[in-house]
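Input: a single structure, listed below in structure tokens.
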Amino acid sequence: MTEKMLIGIDIGGTTTKIALLTNDGAMIEKCAIRTPNKDSGFFLSVTVPEAVKNLCGHHQMTKEHVAGIGVGAPGPVHQETGMFYEITNLDWPDHYPVKEILEKSIGLPVRINNDANCAALGEMWKGAGMGARDLLCITIGTGIGGGVIVHGSIVHGIRGAAGEIGHITSVLTNGAPCNCGKKGCLETVSSATGIVRLAEERIHQDRDPGKRLTSLLAENGSLTAKDVFSLAGIGDETALDVVNEAARYLGIALANIANTLNPEIIIVGGGVSKAGDVLLHPVKSTFAKYIFPASAGATEIKLAALGNDAGVIGAAWMVRTK
Ligand SMILES: [Zn+2]
């Protein structure tokens, strides 16, 4: 009998990605369906099983050809029960037994994990972290997620909330409110949303009487983080200031984590990482300043390699046959 296939599912705030992979992690086919904000029961019991069946059907397979299903979603996971304590950005019930519902509706073993942890596992298996056993993966988009891998295993923590890098306190006084309820979290200054907020603060300052409008940023009606990076790339001083500030907070947080874990690689992924060296250079120089001297040069910081596929690939990794 040939090796069984794997299914990886990445439940996102707007889209759910489903992929069929070989046991070695080669992508056979993937599809995307809309994630409903409510009516999660129908989605998990009918929509997802149908999508899985179709995906297998395209390759003359049935569920008998599949070893299992790995699922990632944004929220802390209770490993033993297969429950999500809560799922961020979706109006789904708290303490939601996603594993149990899918196992019943599809009839295959299911493993669940936080989406940022899945991205980290994906990058370790097939991406920028191939071959590494101790790594940290930070995903920077609208928010900031993180996955910590020690000796090849994800660190979950007591409440499934290990690796919540985005909520490291970075701004000690007058920090902006974070979605989590705290103030001054890394996410408020270094995520896409945080970068836009910093830029808008600068523009506002520049509009004060007596100050000259110095930046091209101010001419841009509705700002995105991408605009800030593009302008920084062509030397706009205000944009560069904003990027350097966001990068400095990121560099300090990463150095502090590295001082705790001494990882081999730190992988930076998510939409914001597309900025590339404009972001990575100042992150690396701040990191070098705050790393424990004996660890200097030991940790490589690199960009993620799998893009949006990291989540489904990492989810599938959980159910592979070893
Ligand atoms: Zn927070």
Side-chain angles (χ1 to χ4, degrees), residues 10-14 37 72-78 83-92 94-96 113-120 136-149 154-202 223-225 228 242-261 263 266-273 275 279 282-283 286-287 290 304 310-311:
D10 183 5
I11 301 174
T14 49
N37 192 38
V77 166
H78 190 272
M83 258 178 8
F84 281 92
Y85 285 101
E86 58 173 78
I87 299 184
T88 320
N89 298 329
L90 286 171
D91 202 5
W92 291 17
D94 286 349
H95 302 277
Y96 202 42
N113 214 324
N114 170 267
D115 58 351
N117 287 346
C118 288
L136 174 76
C137 185
I138 177 166
T139 307
I140 314 174
T142 318
I144 295 182
V148 178
I149 298 176
I154 279 283
V155 177
H156 291 285
I158 195 71
R159 203 169 271 188
E164 286 292 349
I165 298 169
H167 304 288
I168 287 176
T169 303
S170 296
V171 184
L172 296 180
T173 44
N174 300 323
C178 180
N179 283 332
C180 73
K182 296 201 298 139
K183 283 182 178 173
C185 293
L186 181 65
E187 192 166 293
T188 68
V189 280
S190 300
S191 67
T193 333
I195 289 165
V196 168
R197 202 184 48 73
L198 290 179
E200 280 169 351
E201 268 177 23
R202 299 296 170 102
L223 267 184
T224 64
V228 179
V242 169
V243 170
N244 286 338
E245 189 176 351
R248 194 170 69 86
Y249 286 121
L250 206 52
I252 292 172
L254 293 180
N256 284 337
I257 299 169
N259 290 343
T260 315
L261 297 171
I266 294 177
I267 298 165
V268 183
V272 168
S273 70
L279 174 73
V283 168
T286 308
F287 183 87
Y290 293 102

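All values derive from a computational prediction rather than experimental measurement. Just so you know, ligand 1 is whichever comes first in the structure, and atom 1 is the first atom listed for that ligand.
- Among pairs with a residue in residues 177-199, those fulfilling salt bridge (charged side-chain N to carboxylate O under 4.0 Å, His left out) read Arg197-Glu201, at least two apart in sequence or across chains.
- In this structure, CD1 in Ile11 is found 4.5 Å from CH2 in Trp92, a value given to the nearest 0.5 Å.
- The tally of protein N/O/S atoms under 2.8 Å from the Zn ion (ligand 1) stands at 4.
- Judged as a salt bridge (charged side-chain N to carboxylate O under 4.0 Å, His left out), and not counting sequence neighbours, the contacts of Asp91 are Lys38.
- Residues forming a ring pair (Phe, Tyr, Trp, His ring centres under 6.0 Å) with Tyr290 (at least two apart in sequence, or on another chain): none.
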Given side-chain contact (heavy atoms from CB on, under 4.5 Å), test Asn256 with Ile168 step by step and report yes or no. CA-CA 10 Å; Asn256 284 337; Ile168 287 176; over 6 Å; no
Test Asp10 against Cys118 for side-chain contact (heavy atoms from CB on, under 4.5 Å), laying out the working first. CA-CA 8 Å; Asp10 183 5; Cys118 288; over 6 Å; no
